[in-house]
Amino acid sequence: MSTTPAWQPHLETSTELLDPAPVAALAALLDDGLPTPCPGDALPPLWHWVALPRWAASGALGPDGHPRRGSFLPPVELPRRMFAGGEIRFHAPLLVGGTVRREAEVVSVTEKNGRSGALVVVDVQIRLFGDTGELAIEESQNLIYREAAPAPARAAQPPRAEDTVPGSPLHRSSDNAWDLRTDPALLARFSAATANAHRIHYDWPYATGVEGYPGLVVHGPLQAIALAEIHRLMDGAPVRELRHRGRAPLFCGQRARLLATEVPDGVALELFGPGGESAGPNATVDLTTD
C-alpha cells in the first residue's frame, strides 16, 4: 500500500435526516408486498444503507466512480474495491423521519498477500444514534482492495435479452427458499438509492473491458439486504445481531437462490449463484434473534 504521510484516521461526525424518500425507493425496488415503512416506523435491518445515502461531489470521484481515497479512507493504490462484509448490532430502532447522528472512523488498515496477489483490508467502525441520543446501531465494515485483474483475453459477451427485462427481484419457491432475479434497471436503481457510483454496477463497457468482469456486478449490499428481507417476509423474530459476508461475485442476470435455515439463537441465510449449493454460497447473512 502506498499512503501519504499526511493521512491519518480520524473520526467523522454528521447529523442526518432519516429521509422517508429513499426508504420508499428501496421498498419500491424490492417490490415484495410488505408495507412501505412510513415516518415514525422502525427501519428494517440493513435499510440504513439506503436511508442515509452519502453523496460525494462529482469532482471528488475517481476513475472507478468511487470517491477518491485519501480523505476519510486511506489512499490505497490498489484499484479493485470490494465491500467484503461486516457485523452489526441493533441496540434500539431508528425511526423513519427522525434525526440520526453518525460517527465513523477507520480502525485498522492491514496489508496482506492472498491467492490473487496483494490486498489491503480496511476496517471501518460506524455508530448511529437516534433522536434521543441513544445508541441505535454499531457497525463494522470490511473493505478489501485488490490488484487489477489481467486484461480479458476476449471481449465479454453481451447479456441475453431475456436477462435484461426489469421485474420484481424476489420470488418465493418453497417454505424457506426464494429466487433472486437481477437486471440492469435494478442495479442502476440500487446504485442511485445508495449514492453508489461505482461503475462496475451500471457501466457494462467499464465493468467488462477495464475491470475484466464477465458482466455487471450485483452489489454486495443488495445481496445482503435481499437475504435479510426474506427473514422479514417469513415473519422472523426481531434481529439483535447480523453478520454478512460476500464470498463470490454474482453477475447481473444470473439467477440466485436464497435459503433460510433455523440455527440455535437465530437464522442462517445463504445466497447461491448459478453454480448451486455444491459451489458454496456467494453471500451469507447470519442473524441472532430475540
Side-chain angles (χ1 to χ4, degrees), residues 1 12 22 26 29 45-56 61-69 71-74 76 78-89 102 104-110 112 114 116 119-126 128 137-149 180 182 186-203 206-207 211-213 215-229 242-252 254 256 258 269-271 273 281-286:
M1 178 182 72
E12 275 193 354
L26 180 57
L29 183 149
L46 297 185
W47 283 43
H48 65 283
W49 289 344
V50 175
L52 299 168
R54 301 178 65 79
W55 286 92
L61 300 182
D64 63 354
H66 269 304
R68 290 191 181 92
R69 302 155 200 164
S71 177
F72 176 70
L73 292 172
V76 179
L78 298 174
R80 272 194 170 187
R81 170 177 165 165
M82 298 170 52
F83 184 56
E87 299 184 4
I88 303 173
R89 292 182 176 87
R102 183 181 186 272
E105 58 186 329
V106 173
V107 294
S108 69
V109 181
T110 307
K112 297 184 177 182
S116 60
L119 58 89
V120 174
V121 181
V122 177
D123 294 324
V124 179
Q125 185 74 35
I126 298 168
L128 301 178
I137 289 177
E138 286 182 288
E139 176 175 8
S140 62
Q141 294 183 354
N142 313 127
L143 309 178
I144 294 181
Y145 296 88
R146 298 183 182 275
E147 294 177 331
L180 173 67
T182 57
L186 181 77
L187 269 58
R189 281 154 58 93
F190 190 78
S191 289
T194 54
N196 181 353
H198 196 183
R199 294 168 66 184
I200 62 172
H201 302 305
Y202 61 87
D203 186 340
Y206 175 86
E211 298 223 11
Y213 289 113
L216 298 177
V217 181
V218 179
H219 312 67
L222 176 56
Q223 296 178 58
I225 287 174
L227 286 167
E229 192 69 4
L242 184 154
R243 294 165 297 284
H244 61 96
R245 182 66 52 191
R247 302 184 182 275
L250 181 70
F251 299 103
C252 185
Q254 290 182 330
L258 315 182
L269 303 163
E270 298 172 295
L271 183 153
N282 290 53
T284 60
V285 169
D286 296 305

Can you sort out the partners of [X] under side-chain contact (heavy atoms from CB on, under 4.5 Å), two or more places apart, ordered by chain and number?
{"X": "Tyr206", "value": "Asp64, Arg199, Ile200, Asp203, Val210, Glu211"}
{"X": "Pro67", "value": "Ala56, Leu61"}
{"X": "Ala283", "value": "Gln223, Leu227, Leu271"}
{"X": "Arg243", "value": "Glu87, Glu241, Asp286, Thr288"}

Can you name the nearest heavy-atom pair linking [X] to [Y], along with the distance?
{"X": "Tyr145", "Y": "Val76", "answer": "CB-CG1, 3.8 Å"}
{"X": "Gln125", "Y": "Ser140", "answer": "OE1-CB, 3.9 Å"}
{"X": "Val50", "Y": "Phe190", "answer": "CG2-CE1, 4.1 Å"}
{"X": "Pro53", "Y": "Ala193", "answer": "CB-O, 3.8 Å"}

Check the pair Arg247, Glu270 against side chain to side chain contact (heavy atoms under 4.5 Å, CB included), reporting the backbone distance first and the verdict last. CA-CA 11 Å; Arg247 302 184 182 275; Glu270 298 172 295; over 6 Å; no
Is there a side-chain contact between [X] and [Y], using heavy atoms and a 4.5 Å cut-off?
{"X": "His201", "Y": "Val218", "value": "no"}
{"X": "Leu73", "Y": "Arg81", "value": "yes"}
{"X": "Phe72", "Y": "Val124", "value": "yes"}
{"X": "His48", "Y": "Leu128", "value": "yes"}
{"X": "Leu269", "Y": "Thr284", "value": "no"}
{"X": "Leu26", "Y": "Trp47", "value": "yes"}
{"X": "Pro74", "Y": "Val122", "value": "yes"}

First locate atom [atom1] of [X], then atom [atom2] of [Y], and finally report the distance between them rounded to the nearest 0.5 Å.
{"X": "Leu222", "Y": "Thr182", "atom1": "CG", "atom2": "OG1", "value": "8.0 Å"}
{"X": "Leu250", "Y": "Leu180", "atom1": "CG", "atom2": "CG", "value": "7.0 Å"}
{"X": "Ile144", "Y": "Leu119", "atom1": "CD1", "atom2": "CG", "value": "6.0 Å"}
{"X": "Glu139", "Y": "Leu242", "atom1": "CD", "atom2": "CG", "value": "9.0 Å"}

Salt bridge (charged side-chain N to carboxylate O under 4.0 Å, His left out) partners of Arg146, counting only residues at least two apart: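 Arg146 satisfies salt bridge (charged side-chain N to carboxylate O under 4.0 Å, His left out) with no other residue.
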Should the pair His244 and Trp49 be assigned to parallel (<30°), tilted (30 to 60°) or perpendicular (>60°) ring geometry? perpendicular
Can you tell me how the ring of His198 sits relative to the ring of His66, calling it parallel under 30°, perpendicular over 60° and tilted otherwise?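 Because their plane-to-plane angle lies in the 30° to 60° range, the rings of His198 and His66 count as tilted.
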Flag, side chain of Tyr202 to backbone of Ala197, donor-acceptor distance under 3.5 Å: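 Flag set: sc Tyr202 to bb Ala197 pair under 3.5 Å.
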Does Asn282 reach the main-chain N or O of Gly273 with its side chain, forming a donor-acceptor pair under 3.5 Å?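 Confirmed, Asn282 side chain pairs with Gly273 backbone.
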Evaluate side chain to side chain contact (heavy atoms under 4.5 Å, CB included) for Leu186 paired with Leu29, printing each intermediate quantity in order. CA-CA 7 Å; Leu186 181 77; Leu29 183 149; 3.5 Å; yes
Check the pair Thr110 / Val120 against side chain to side chain contact (heavy atoms under 4.5 Å, CB included), numbers first and verdict last. CA-CA 6 Å; Thr110 307; Val120 174; over 6 Å; no
Could you check Val121 against Leu143 for side chain to side chain contact (heavy atoms under 4.5 Å, CB included), going step by step and ending with a plain yes or no? CA-CA 6 Å; Val121 181; Leu143 309 178; over 6 Å; no
Who pairs with Ser71 by side chain to side chain donor-acceptor pair (under 3.5 Å), at least two apart in sequence or on another chain?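 Per chain and number, Ser71 pairs via side chain to side chain donor-acceptor pair (under 3.5 Å) with no residue.
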Quiz question: by atom type and distance under 3.5 Å, do the side chains of Ser191 and His219 form a donor-acceptor pair?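 Side-chain D/A pair, Ser191 to His219: present.
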For Arg89, does the CZ atom have more than 12 heavy-atom neighbours from other residues, nucleotides or ligands under 6.0 Å away?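 Not buried by this count: 12 neighbours or fewer within 6.0 Å.
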